[in-house]
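Note sheet for the following structure.
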Amino acid sequence: MLTKFETKSARVKGLSFHPKRPWVLSSLHNGVIQLWDYRMCTLLDKFDEHDGPVRGICFHNQQPLFVSGGDDYKIKVWNYKQRRCIFTLLGHLDYIRTTMFHHEYPWILSASDDQTIRIWNWQSRTCICVLTGHNHYVMCAQFHPSDDIVVSASLDQTVRVWDISGIANNLEGLRKKNVAPGPGGLDEHLKNPGATDLFGQADAVVKHVLEGHDRGVNWACFHPTLPLIVSGADDRQIKLWRMNEAKAWEVDTCRGHYNNVSCVLFHPRQELILSNSEDKSIRVWDMSKRTCLHTFRREHERFWVLAAHPSLNLFAAGHDSGMIIFKLERERPAYAVHGNLLYYVKDRFLRKLDFTTSKDTAVMQLRGGGRTPVHSMSYNPAENSVLLCTRTSNVENSSYDLYGIPKDSDSQNPESPESKRSSGVTAIWVARNRFAVLDRTHSLMIKNLKNEVTKKVQTPNCDEIFYAGTGMLLLRDSDGVTLFDVQQKRTLAQVKIGKCRYVVWSADMSHVALLAKHTVNICNRRLESLCSIHENTRVKSGAWDDSGVFIYTTSNHIKYAISNGDHGIIRTLDLPIYITRVKGNQVFCLDRECKPRILSIDPTEFKFKLALINRKYDEVLHMVRNARLVGQSIIAYLQQKGYPEVALHFVKEEKTRFSLALECGNIEVALEAARALDDKACWERLGQAALMQGNHQVVEMCYQRTKNFDKLSFLYLITGNLDKLRKMMRIAEIRKDISGQYQGALFLGNVSERVKILGNCDQHSLSYLTAEVHGLSDPQSTVKETNIPPVRPNAKLLKPPVPVMQAETNWPLLTVSKGFFEGAAMARGKNSAVSTVLVPNPVEDTTPEGWGVDAELGLDEDGLGADEERELGSAEPEGGGWDVGDEDLVLPPELENSVVPGADDGYFVPPTKGLSQLQVWVNNSQLPVDHILAGSFESAFRLLHEQVGVVDFRPYRTLFLSIFSSSRTSYTALPSLSPLYCYPHRNWKDAGPKGGKPAIGLKLADLVQRLQVCYQLTTGGKFSEAIEKLHALVLSITLLVVETRQEITEAQQLLHICKEYILGLKMETARKELPKATLEDQKRLCEMAAYFTHCNLQPVHQILTLRTALNLFFKLKNYKTAASFARRLLEQGPRQEVAQQARKILQACDKNLVDEHQLQYDEHNPFAICGRTYRPIYRGKAEEKCPLCGASYMPQFKGTVCAICMVAEVGKDTVGLRISPLQFR
Amino acid sequence: MARQQGEVDELFDVKNAFYIGNYQQCINEAQKLKPSTSSLQVERDAFLYRAYIAQRKYRVVLDEISAASPAELQPLRLLAEYFAVPSKSSALSLQIYLKMDRVDLAWKELKSMQEMDDDATLTQLATAWVSIMMNGERLQDGYYIFQEMNDKHSSTSLLLNGQATCFLGQGKYEEAESSLQESLDKDSNNPDTLINMIVLSQHTGKPPEVANRYLSQLKDSHLDHPFIKEYLQKESEFDQLVSQYAPAASV
């Protein structure tokens, strides 16, 4: 049993779940009805109008109503929205035991100690039927969830089933006549009270009387779907009854309670019966076997009532001092995420969900039919294996299964592979081929894939283990989590957190979220706690999003946490979900039915905060401008977190704007705001802030606005502004502020003014003295007094220093690049001043530290030296045993191994060399390229010679060497030794030790691509470059490896195309170099141009050759042939202009269809072109061919190197191009 | 903690850094460490000097190990002397077996290593070496081992090249590229990386200049590398073979 919520109150006699909201009503023995939110764990409301115990309580399934019945004989119907009782039904003559709403009709069913059951219409507020027959208190009466029958239990030891179809039919008839059903029905009825009475008292008849209990029956209820009834009685028994239309009979009895059974009900979805009793226990029974499965006991409280939630797996039980909300089993699905894949257990299957494609398949069936739910899962991608941990109520009996997931499984009917099962509380992968098992004694074992123990590891105390990356584990004890290195057996770090339940690592394993019941603690890899968040409801699950924000769920919210401790709500949830992954604004999760779901969230708020923290202000500004983010909370947040300059951006209200501007030292904005406000206090504050920054112009303005003359004078003094200071003196005079005036005179060093002031205010002696001292002895201005002592002879004149220069501009400030927001904020203002205000950064004086480090280091070394000496000294006596004590010698294990046989046998025979992969390649293939890759150039030469008659290998040089250089990959094994080579196979999957063939870099598709480049070069007229590339292409084709006949043909075609192009381009290049002086030369030129048109080129190139030939022949006045070129040109469908031109020429030629000169060119007689002489070899004439490229030659060139491919011998008898193993079969 | 101390290998970090090829880290760790016993101290020094040797800083070793140094360190002086003057080659048995294409013997050797301590870093690495040589499905095992080391410790060129070798063996060129690129960023002159880059560029259809660039770089920095030696030898072999063929007639 998992207790979700508990309350303390007076004895609970009645309970009812709200069908939709997380609410439960409990009616108490003291007359109070409580409305609780069991998810938020709060008391929502109290209804206290009944006098004495309230036993009956029931929510309406649609209306905001509930009904209660009490020992005051009253049935009260309440509206919880209006928080009041809306009416009371009177009629019962004794205590009311239960009150129930009908799921559909506007009815209330009540059972009473007056031995009657009554049906009331709560719309008309009348009793429509009284069911009599029981001859003792009726303890309980319930409607059937679908049929028109009622079951009741009574202390007369019977359970009765009543047929109420008569009344129901009346109601149906009535409805059809005048009342629309639904919410409006109530008003309708209020207008027509007593409408039901039209039909008089309808009858309900007893259908079955179930006798069998030996004492009074306390509770009876229907099965939701089957024709079954369960009852509980004071004879301590629970009886199961079956009924049909004709009769009802007892099926079986559940014995076990040892006191009165107070309540009993069917589990709404499982084959279970729940009961509770005055023996202080709740029991769960198997419905089919009628055995007790679980007993949950309490110390002191007798149980009185039970209720089941209509749709969730929740139950409530009321006892002497409160109630408990509980569920029978965990609903958290077991799941594991790897990359884009989610593995989870649903029913008895392990399923796989691909997040990217949303493809959800069952991959295997679990052992034992999934009867005991899987508690947790650990997935190993390397071995494609899972560990499934099953936990029973007794933790000691927990076990785990190790499954290899079948490779390809039919989702409809997945395989059911064998598993390796052992006992253990938790099993988690710690490496590719190792997993850790925490057994029931809480000791840790490392096991291999065969489920054999390889190592037992001593750990600090722990009662649960979690994944922590390769070779690491998180160990949990009651008050903390420890990061433990399994290999080194060493504790690496610890963090305090009360009973951590789940652990979620970020994708890069740099952060971890530790989830406890009510806390989320985010730590870094070294388990340094970055922040801890407390939740009021339960923390359920979480996942890291790509930006490093932790998204988690509680019972009722999706929330976010940033590692600096900021957190907040993203959205609310109706039901708990388990987050599996977060991607962008999508949250992937599993619900309690194990159904994968995708929820979308609005990430704006945490993205905003994250951008702030990372100081990505452009992003922040973008969000400020485009998102609906504004609000008091965000301003408060910004201010609190020390981003007043950002907050400034949000605020339009001047007062806030002013204080924010001051906070971030932005005088310009503050000034603007102060002007708008024009408030004395503001000016004062601004003046102070401006003074701090030496912005005396603003200070002056502030002092002027606040009429602070003293400060203003002093400001003028220190800025050396004597003119204004003089003015201030005059103002003081006008204001009759003598003290101010005198001070001004003093500041100005204006002695006569001082003398005058002193004189004016009757300080004659002082006036005289001042004058005397300063040597002003104007008798008019002074009054000689007899008793004035003489002026001291050594008196010094006190004169204020003359200002060196008047400070007109503000204090210079460091030029600092303006913060993003200061700029943005000022841009809002009009043409504000440019200077930016920032306190210069103090330059850190690091020297002392640096010295300190050095000094310390010196000391350290000294200490080390001493240590060494001491240790060496102590090692001395052991020196004798050194020769034998080779266990101290640090040698890699394999070296020791190799030494061992030597020691045993006395001498060492080196093993013979094995078959190298290079040799394997040579053995397995007759293809030249394979031999090149194997480094066997000699045989490669021979093969090329035999297959395509290559005799000049020089052009192959770079090709050979570059192919050879790509045959091996290299990796370093032991340090400092020459590397090992690996030989990639093209058939690596099934090569085996001796079947390998080398992987080929050259692909037919790449060559085809390269041909396109040659085409472009040709089009561009870059013939020499094109020839070079085509030639390389020809050589490459001979070193291809292809798999299909189709590809062989394609390669041969490619070779043919290359030959045609090389031939044509070479001929054209040669033609251009020929002399043009004589007619013979001209004729030869025309001939070659004509031959060129017979090379098999792409239409676009063919057009070009035809145009050349056409022009040349036309110029030569061979109009007949020119006309034929023109026709051929038009057949190729050239561009519009070209076609027009060709037509014109054709027209001209057709007028005079003769050839002026005789040329060696017969267009109607098919011919090949000799690759060396560029003369036609007409069909049927003797010719020799190149065995490689197939170029034709006149017979005299037999035995020479082909001029086209430049490697093969013309006329050599060979087997032909071999580029596929198919050609050897 | 004190209870565990007996089982903890004080030199763990030193050894580990050494085996995975993070020599500077090894030297740093060794210099930080204050061993609890004198034998451990000697062992630490041994690793320290081996790391220096691996970094080709032979002078340090030759200067520091004198005739007066502990006998255990003397072989290292010899080793440094031997490396300082590059000449003949020697290797450890497993690696030798692999070099001799005797995967069967290497496998046996590996089995005995695994029996001693399957989880030791060196055993794991050796498993990877043998896996690579065994090819086929085993390449994936090799990859996982290197990946595990990368995850657990820090990534090094040695590990990344091991990984890349596995990828290339499986024809996974994209993955290989990212490993090699990372390795190149760590050490742009690592000969293994350069060799593997040559292979990669050819298999991904890059223009021949790319491979040639790596080859030139390799020639530049590691002219005595076996790969280059072999390459040069093949060049002359080719030239010699060319002369054995000639057309029957000339123009």
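Since we're looking at a predicted model, the values are computed, not measured. A, B, ... follow the sequence lines: proteins, then strands. Residue 1 opens every chain.
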Could you look at B/Leu105 and say if it's the side chain, the backbone, both or neither that has a heavy atom under 4.5 Å from chain A?
side chain

Sort B/Ala211 into side chain, backbone, both or neither according to what part of it lies under 4.5 angstrom from a heavy atom of chain A.
neither

Where on B/Asn150 is there a heavy atom nearer than 4.5 Å to chain A: the side chain, the backbone, both, or neither?
neither

Check this for me: does any side-chain nitrogen of one of B/Glu10 and B/Arg44 sit under 4.0 Å from a carboxylate oxygen of the other?
no

Given that the side chain runs from C-beta out, which part of B/Gln140 has a heavy atom under 4.5 Å from chain A: side chain, backbone, both or neither?
neither

Would you mind checking if A/Arg434 and B/Glu148 are paired as a salt bridge, meaning a charged N to carboxylate O distance below 4.0 Å?
no

Scan B/Leu200, B/Leu180, B/Val199 and name whichever one has a side-chain contact (heavy atoms from CB on, under 4.5 Å) with A/Thr969.
B/Val199

Given heavy-atom pairs under 4.5 angstrom as the criterion, report whether the side chain, backbone, both or neither of B/Thr121 touches chain A.
both

Could you tell me which of A/Cys982, A/Pro979, A/Gly469 has the largest number of non-hydrogen atom pairs under 4.5 Å with chain B?
A/Pro979

Take atom CG in A/Asp508; do more than 12 heavy atoms of anything else shown fall under 6.0 Å from it?
yes

Tell me, for A/Lys455 versus chain B, whether the close heavy atoms (under 4.5 Å) come from the side chain, the backbone, both or neither.
side chain

Name the region of B/Gln170, side chain, backbone, both or neither, that has any atom closer than 4.5 Å to a heavy atom of chain A.
both

